[in-house]
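Remarks on the structure that follows.
Residue numbers run from 1 in the order of the sequence given. Both ligands and their constituent atoms are indexed starting at 1 by order of listing.
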Amino acid sequence: MLASTRDIIGIAEEEGIAVGSFNVYNLEGVVAVIRSSEQEKLPVILQIAPVSLESVGSALVALTLAMAEDSTVPTSVHLDHCPQQDQIDRVVSMGLRSVMADGSHLSYEENIDFTFNVVNKMRSFGGFVEGELGRLTGTEDGLTIPEYESLLTDPDQAADYCDKTDIDALAVCVGNIHGKYIQEPKLDFDRLSTIRDSVSVPLVLHGASGLPEWMISRAIDLGVRKFNVNTEVRTAFLESVSSGVGDKTLDLARLMEISIDSMSQVVTSKIRQFSGR
Ligand SMILES: [Zn+2]
């Protein structure tokens, strides 16, 4: 069933677990995430990157919303990392009610103004807004943030930011990165703990691909309720599809089914970790 991100995170909060939020780019990705969440009977979030709006746009949004409605578990649809109000307006007109307002490229004051405006618009119909403070290094959906531009979330500023924007959830930068961790991941749990004590909204951790299980559990204990996962699922899709590239007689439906299985294995493993199973 189509649910609001607010309700899904509320379930996670009540149960002391976290929910997985998975980037989807096509039908197969949506099927894989929903299949896993139904098998595990766990709520889930499907998220769409703005880059997809430029290519398959409204069709992907409509498909994702329709499949979320048919799901047997609470499922929400979310727009990931969006820096532009017009893109947010566009997905809202298509029926999407959950967005990440990404003002991380702006100055602090501009980020507050941008996010506050998004919240104001979304509130009029009960929409959900995730904000971000700090800046993640790494590569995602064609955007690379070099290490020297990365910024960890400042706990005092986080309290002020949440207060002034009235966001529903805060994405934090505590050493997590987008894409592949080249070295052993190092999360600043002291910082995460201080942020947790400084704000009252649920926390979100992007870049959950490649984090060891103990870090996931510790982050959940410290208030993370939504993990964003992209790289590991994308890699599963790419590897499964490229394994069939040399075979010119391969049935495409079969190849897509293989890719769904492959992505679903990753999703199942992640949502089990996020739920403490
Ligand atoms: Zn992200």
Side-chain angles (χ1 to χ4, degrees), residues 5 8-9 12 18-25 29 33 44-54 60 64 76-84 87-88 91 96 98-106 111 114-115 118 128-147 149-153 158 161 165 167-182 185-188 191-192 195 201-211 215-216 219-220 223-235 237 263 266-267 270-271 273-274:
T5 301
I8 286 179
I9 290 186
V19 65
S21 193
F22 298 90
N23 285 70
V24 291
Y25 298 87
V33 175
V44 79
I45 301 170
L46 297 154
Q47 55 188 26
I48 295 170
V51 69
S52 291
L53 296 179
E54 305 307 321
L60 182 64
T64 309
S76 79
V77 184
H78 176 79
L79 179 68
D80 197 20
H81 283 285
C82 192
Q84 288 172 27
Q87 282 181 320
I88 291 172
V91 295
L96 211 133
S98 177
V99 301
M100 178 192 185
D102 185 348
S104 62
H105 57 292
L106 302 170
N111 187 358
F114 168 68
T115 309
V118 173
F128 177 96
V129 181
E130 174 185 330
E132 182 178 55
L133 201 56
R135 192 141 216 235
L136 283 193
T137 183
T139 299
E140 185 171 67
D141 297 323
L143 180 68
T144 296
I145 307 296
E147 203 164 342
E149 278 188 27
S150 69
L151 276 175
L152 297 182
T153 306
Y161 177 74
T165 58
I167 48 169
D168 299 288
L170 176 70
V172 296
C173 304
V174 291
N176 44 317
I177 64 164
H178 282 139
K180 268 196 164 45
Y181 288 86
I182 295 157
K186 278 193 193 125
L187 296 190
D188 186 342
R191 183 179 293 269
L192 185 60
I195 297 168
V201 295
L203 303 179
V204 180
L205 197 78
H206 290 221
S209 291
L211 290 182
M215 285 193 178
I216 300 277
I220 295 170
V224 170
R225 294 288 170 257
K226 172 177 179 273
F227 283 103
N228 281 22
V229 182
N230 189 354
T231 305
E232 281 183 63
V233 182
R234 199 175 52 203
T235 303
F237 177 75
M263 288 187 281
V266 175
V267 174
K270 290 288 169 192
I271 58 178
Q273 284 178 30
F274 301 156

Quiz item: By side chain to side chain contact (heavy atoms under 4.5 Å, CB included), which residues pair with Leu60, not counting sequence neighbours?
Solution: Ile48, Ser52, Val56, Leu63, Thr64

Quiz item: Parallel, tilted or perpendicular: which describes the rings of His178 and His81, with under 30° parallel and over 60° perpendicular?
Solution: perpendicular

Self-check item: Environment of the Zn ion (ligand 1) in terms of protein N/O/S atoms, cut-off under 2.8 Å
Solution: His81 NE2, His178 NE2, His206 ND1

Quiz prompt | Approximate separation, where rounding is to 0.5 Å, of His206 NE2 and Asn176 CG | solution = 8.5 Å

Self-check item: Distance (rounded to the nearest 0.5 Å) between Ser104 OG and Leu133 CG
Solution: 9.5 Å

Quiz item: Between Ile220 and Phe227, what is the shortest heavy-atom contact and its length?
Solution: CG1-CE1, 3.6 Å

Quiz item: How close do Cys173 and Gly134 get, heavy atom to heavy atom, and via which atoms?
Solution: SG-C, 3.6 Å

